[in-house]
Amino acid sequence: MELYKDIEKILFTKEEIAEKVKELGKRISEDYHGKNVLLICTLRGASVFFSDLIREIDADLTIDFIAMSSYGASTKTSGEVKLTKDLATPISGKHVIIVEDIIDSGLTLKYVKRMLEARNPASLKVCALLDKPEGRRTDFEGDYIGFTIPNVFIVGYGLDYAERYRQLPDIGILDPTVYTK
Ligand code: IMP
Ligand code: MG
């Protein structure tokens with residue numbers, strides 16, 4: 001794929017990602033055995049991970065979508081989170097898992113979690129494929145984490161830079177010359 005010319009290094013291949021998604025799905029299946037669970041996809045970054053993850057979960061589940069923005073065309077968070085699309089269904093009394101692509105500063109998820117907690121779900125957990133603990137600007141921990149990575153900017157498997165690179169099947173470090181030009 002042409003886009004790979006901008007990738008400095010592949011961090012996780014699609015096979016490694018598939019293996020990890022399977023593991024996460026298995027853990028969630030065990031924890032929610034016999035329950036109904038609502039999986040919430042945070043658009044747009046988590047969409048690819050989400051569609052793979054739900055197919056690895058052996059439990060009664062329904063799905064919904066939410067969108068918020070904080071980045072714009074930058075590699076650093078603005079620190080301001082905006083809800084741009086709300087859920088279509090009420091979550092009161094439900095077991096809910098928010099599915100996110102990556103936790104960096106933690107600001108986005110802290111905001112979303114607080115907002116959803118106010119709607120009184122039976123339980124509320126967070127599943128993120130990737131975690132960059134060095135980027136934290138607030139105390140926030142996910143419940144199900146795929147890969148923990150250092151402070152590098154990555155793209156692929158749904159993750160973007162300025163809305164591009166989302167379709168790469170692998171996850172790679174973006175060549176810094178792409179965003180320091
Ligand atoms: P946080 O509020 O800083 O935790 O931001 C999390 C959001 O920032 C994620 O949902 C991504 O959309 C974006 N993000 C953080 N790190 C990266 C990265 O390395 N590549 C692409 N997007 C990222
Ligand atoms: Mg993003």
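Hydrogens, waters and symmetry mates are skipped; everything else that's a heavy atom, side chains included, is used. Both ligands and their constituent atoms are indexed starting at 1 by order of listing.
- Listed by number with element, the atoms of ligand 1 under 4.0 Å from a non-hydrogen atom of Ile102 are 6 (C), 9 (C), 10 (O), 11 (C), 14 (N), 15 (C), 16 (N), 17 (C), 23 (C).
- Heavy-atom separations between Thr42 and ligand 1 are all 4.0 Å or longer.
- Heavy-atom contacts of Glu100 reach the following atoms of ligand 1: 10 (O) (cutoff under 4.0 Å).
- Listed by number with element, the atoms of ligand 1 under 4.0 Å from a non-hydrogen atom of Thr108 are 1 (P), 2 (O), 5 (O), 6 (C).
- Asp6 and Tyr161 share no donor-acceptor pair across their side chains, judged by distance under 3.5 Å alone.
- In this structure, Gly106 counts as a contact residue of ligand 1, since one of its heavy atoms falls inside 4.0 Å of the ligand.
- Where the criterion is an N or O separation shorter than 3.5 Å, residue side chain and backbone included, Val155 fails it with respect to ligand 1.
- Using cut-offs of 30° and 60° for the angle between ring planes, the Tyr32 and Tyr144 rings count as tilted.
- Those atoms of ligand 1 with a heavy atom of Lys132 less than 4.0 angstrom away are 16 (N), 17 (C), 18 (C), 19 (O).
- Using a non-hydrogen distance threshold of 4.0 Å, Val152 registers as a contact of ligand 1.
- In terms of the ring-ring contact (aromatic ring centres under 6.0 Å, His included) criterion, residue partners of Phe65 (sequence neighbours excluded) are, by chain and number, Phe50.
- At least one N or O atom of Ile154 sits closer than 3.5 Å to an N or O atom of ligand 1.
- Looking at Phe153, Tyr111, Tyr161, Phe140 and measuring to atom 17 (C) of ligand 1, the nearest heavy atom belongs to Phe153.
- Contact annotation for Asp160 and ligand 1: only backbone heavy atoms (N, CA, C, O) come within less than 4.0 Å of the ligand.
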